[in-house]
Student: 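Here it is, the structure in full.
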Amino acid sequence: MRLRIELLDLMVNIVSFNINGLRARLPRLLEFLEREKPDIVCLQELKGEPDALPTDQVEAAGYKALWHGQKGFNGVAFLSRGDGDLKLRRAGLPDDPAPEQARYIEAEAHGLIVASIYLPNGNPVGSEKFGYKLEWMARLEQHAAALLAEERPVVLAGDYNVIPEDRDTFSVKAMAHDALMQPESRAALRRIVHQGWTDALRQVHPDDDRLYTFWDYQAAAWPRDAGFRIDHFLLSPQAADRLAGAGVHKWARGEEKASDHAPVWLQLHDA
DNA sequence: ATGGTCGCGGAGCGA
């Protein structure tokens with residue numbers, strides 16, 4: 001028997017998952033944590049009472065948790081595996097146009113700054129909700145610029161509710177009047193990306209025209225693979241330099257009592 | 001598509 005000494009390329013594994021209701025999805029979430037054991041998990045759409053969050057069950061699964069919830073709607077969370085440092089940086093964006101809506105949490109763990117984002121949907125176009133979406137994106141743009149200036153590895157993860165390009169949807173025609181792919185929504189996302197962020201999923205899968213992360217519960221969207229791509233990882237240059245892989249856990253969308261989003265994953269080389 | 005499905009909260013809204 002010979003001993004082999006290998007240099008291990010350690011990785012940090014990050015997942016972003018819009019779970020569409022924590023109470024209904026907790027069994028799926030706990031199964032997912034047990035199966036994939038990601039180091040960091042960003043959750044969106046908890047839709048749960050802040051005082052009814054399952055901190056004990058998540059801790060039993062091996063995770064420390066930071067929650068930013070509100071009753072019935074929205075809600076984001078940040079989970080970090082193991083006993084390492086987990087530091088809350090902020091809950092809510094600076095100068096949030098509607099701070100009662102729990103849509104942003106930012107923390108530091110595993111040597112990274114990571115945000116969990118639930119960007120406003122914005123439908124219907126032309127409504128106050130659409131204006132709120134664009135205002136929120138302007139605030140995110142400001143904050144993203146401040147994060148870049150720190151010149152550290154930063155990951156902005158979450159449900160952006162923006163379809164970046166026509167090839168990111170099953171049907172341009174079906175979505176033409178949706179807030180998720182209006183030119184203003186796309187331009188607002190591009191303004192952020194063009195600051196110097198890398199869209200990790202597209203970077204890793206440059207030619208995949210069915211790189212979807214969401215399939216509606218309606219109209220048999222899942223069996224028809226009628227999805228679109230709205231969950232994104234934006235990486236600062238210092239994080240992009242460490243990009244090892246990214247993808248969609250598409251299998252999760254086919255489970256019983258699945259969320260309408262699939263978890264998306266990102267792997268970074270260790271520093 | 002005049003609909004179609006979910007989750008939360010316990011009716012109707014948000015997605």
Side-chain angles (χ1 to χ4, degrees), chain A residues 16-32 42-54 57-58 67-77 96-104 116-137 140 157-164 168-182 184-186 188-189 212-232 248 250-264:
Chain A
S16 179
F17 190 7
N18 179 321
I19 54 175
N20 187 26
L22 181 58
R23 194 175 64 203
R25 214 70 60 217
L26 186 59
R28 292 293 85 78
L29 174 63
L30 295 174
E31 288 167 9
F32 181 85
C42 298
L43 300 176
Q44 301 89 33
E45 280 212 89
L46 308 177
K47 295 183 173 179
E49 298 263 21
D51 56 2
L53 294 169
Q57 283 161 286
V58 168
W67 308 97
H68 180 40
Q70 74 182 90
K71 182 178 178 178
F73 303 97
N74 308 315
V76 287
D96 197 319
E100 73 282 2
Q101 298 197 23
R103 296 181 176 277
Y104 188 93
S116 178
I117 293 172
Y118 179 50
L119 208 145
N121 175 293
N123 278 305
V125 174
S127 68
E128 279 183 19
K129 290 179 184 173
F130 190 62
Y132 172 61
K133 176 182 193 137
L134 297 179
E135 283 177 39
W136 204 93
M137 294 187 80
L140 180 62
D159 177 2
Y160 283 71
N161 269 317
V162 178
I163 298 167
D168 292 313
T169 176
F170 71 102
S171 167
V172 169
K173 189 178 175 187
M175 299 299 290
H177 303 293
D178 197 289
L180 277 56
M181 59 175 275
Q182 292 310 296
E184 297 94 329
S185 309
R186 288 178 164 178
L189 179 60
Y212 303 147
T213 67
F214 171 93
W215 297 258
D216 203 293
Y217 289 123
Q218 301 186 60
W222 169 244
R224 293 191 297 128
D225 195 25
F228 37 90
R229 185 170 80 96
I230 52 176
D231 299 272
H232 309 303
V248 182
K250 196 170 176 178
W251 58 268
R253 182 60 180 84
E255 301 283 279
E256 285 296 313
K257 294 278 286 180
S259 171
D260 42 7
H261 294 250
V264 292

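Just so it is clear, the structure is predicted and the values come from calculations on it, not from any experiment.
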Student: Roughly how far apart, to the nearest Å, are B/dC13 and B/dG3 at atom P?
Tutor: 15 Å
Student: When the distance from CZ of A/F17 to C1' of B/dG7 is rounded to whole Å, what number comes out?
Tutor: 14 Å
Student: Kindly give the heavy-atom pair with the smallest separation between A/A102 and A/H68, and that separation in Å.
Tutor: CB-O, 3.3 Å
Student: State whether the number of non-hydrogen atoms from other residues, nucleotides or ligands found under 6.0 Å of A/E128 atom CD is greater than 12.
Tutor: no
Student: Below 3.5 Å is the cut-off: list the nitrogen or oxygen pairs between protein and nucleotides 12-15 of chain B, distance only.
Tutor:
unit_1: B/dG14; atom_1: OP2; unit_2: A/K129; atom_2: NZ; d: 3.1
unit_1: B/dG14; atom_1: O5'; unit_2: A/K129; atom_2: NZ; d: 3.4

Student: Using a heavy-atom cut-off of 4.0 Å across all strands, would you classify A/I230 as base, sugar-phosphate, or nothing?
Tutor: nothing
Student: Starting at the 5' end of DNA chain B and moving along, which residue's nearest nucleotide shows up first, A/A219 or A/A24?
Tutor: A/A219
Student: Please check this pair: side chain of A/K257 against backbone of A/P27, looking for a donor-acceptor N/O pair closer than 3.5 Å.
Tutor: no
Student: Whole Å only: how far is the NZ atom of A/K71 from the C1' atom of B/dG7?
Tutor: 15 Å
Student: Taking the C1' atom of each, how far is B/dC6 from B/dA11, in whole Å?
Tutor: 16 Å
Student: Just how far, in rounded Å, is P of B/dG7 from CD of A/Q70?
Tutor: 19 Å
Student: Is a donor from one side chain sitting under 3.5 angstrom from an acceptor on the other, for A/N20 and A/K47?
Tutor: yes
Student: For B/dG9 and B/dT5, measure between their P atoms and round to the nearest Å.
Tutor: 22 Å
Student: Does a nitrogen or oxygen in the side chain of A/R25 sit under 4.0 Å from OP1 or OP2 of B/dG7?
Tutor: yes
Student: Minimum heavy-atom separation for A/D260 to A/Y217, with atom names?
Tutor: N-OH, 3.2 Å
Student: Using the C1' atom on both, measure B/dG4 against B/dA15 and round to a whole Å.
Tutor: 14 Å
Student: Considering residues at least two apart in sequence or located in another chain, which fulfil the salt bridge (charged side-chain N to carboxylate O under 4.0 Å, His left out) criterion with A/R253?
Tutor: none
Student: Nearest whole Å is fine: how far is B/dC8 P from A/L22 CG?
Tutor: 8 Å
Student: Whether the side chain of A/T213 engages the backbone of A/D231 through a donor-acceptor N/O pair (distance < 3.5 Å, no angle test) should be reported.
Tutor: yes
